[in-house]
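Quick notes on the structure that follows.
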Amino acid sequence: MSVPSSPRIDRAPSWRRVLLLLLSVLLFLTAAALGLLALGLFSSLASNGPLWLRSLGVLGAGAVQGAGLGGLSGVAQAFTLVLLTSLTAGLAAFVKPRA
């Protein structure tokens, strides 16, 4: 004898849930871009990295200097960008709508 199936409840997504999902995706993409820039900054510290990665490092250094942190050393700039990447990724995971 089989157990009768429970009635299926179809929920329409609420606007709040959709907006949280879009914000989460936007924050995740921002974290990915910041991670690439941080990787580029680390690569530009060593002169033997690939050209495309060192080019990302130049963009990352420009972004860090634009934020007013140009007085820091290259390693401190890279670690600052890594910290910002981690905070952004953590915020993206926190904002993600739960099931």
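Looking only at side-chain heavy atoms (C-beta outward), Leu45 and Phe42 come within less than 4.5 Å of each other. Using a 4.5 Å cut-off on side-chain heavy atoms (C-beta onward), Leu56 and Leu39 make no contact. Leu69 places a side-chain heavy atom less than 4.5 Å from the side chain of Leu72.
Criterion: ILVMFWY side-chain heavy atoms under 4.5 Å apart, direct or through other members. Under it, Leu91 and Leu23 are part of a common hydrophobic cluster. Residues Phe28 and Val95 do not share a hydrophobic cluster, clusters being chains of Ile/Leu/Val/Met/Phe/Trp/Tyr side chains in contact below 4.5 Å.
Between the side chain of Thr80 and the main chain of Ala76, a donor-acceptor pair closer than 3.5 Å is present. Using modelled atom types, one side-chain atom of Ser86 and one backbone atom of Val82 make a donor-acceptor pair closer than 3.5 Å.
Here OG of Ser43 is found 7.5 Å from CG of Asn48. Values are rounded to the nearest 0.5 Å. One distance of note links CG of Leu36 with CH2 of Trp52; it measures 7.0 Å at 0.5 Å rounding. From Leu34, atom CG reaches atom CG of Leu29 across 11.0 Å, with rounding to the nearest 0.5 Å. Rounding to the nearest 0.5 angstrom, the gap separating the OG1 atom in Thr85 from the CZ atom in Phe79 is 12.5 Å.
Of all the heavy atoms in Ala92 and Leu27, the pair that sits closest is CB-CB, 3.6 Å. Nearest heavy-atom pair across Ala38 and Ala78 is CB-O, 4.3 Å. Of all heavy-atom pairs between Arg54 and Ala46, the closest is CD-O, 4.3 Å. Between Ala31 and Ala89 the shortest heavy-atom distance is CB-N, 3.8 Å. Minimum heavy-atom separation, Gln77 to Val64: CG-CG1, 3.5 Å.
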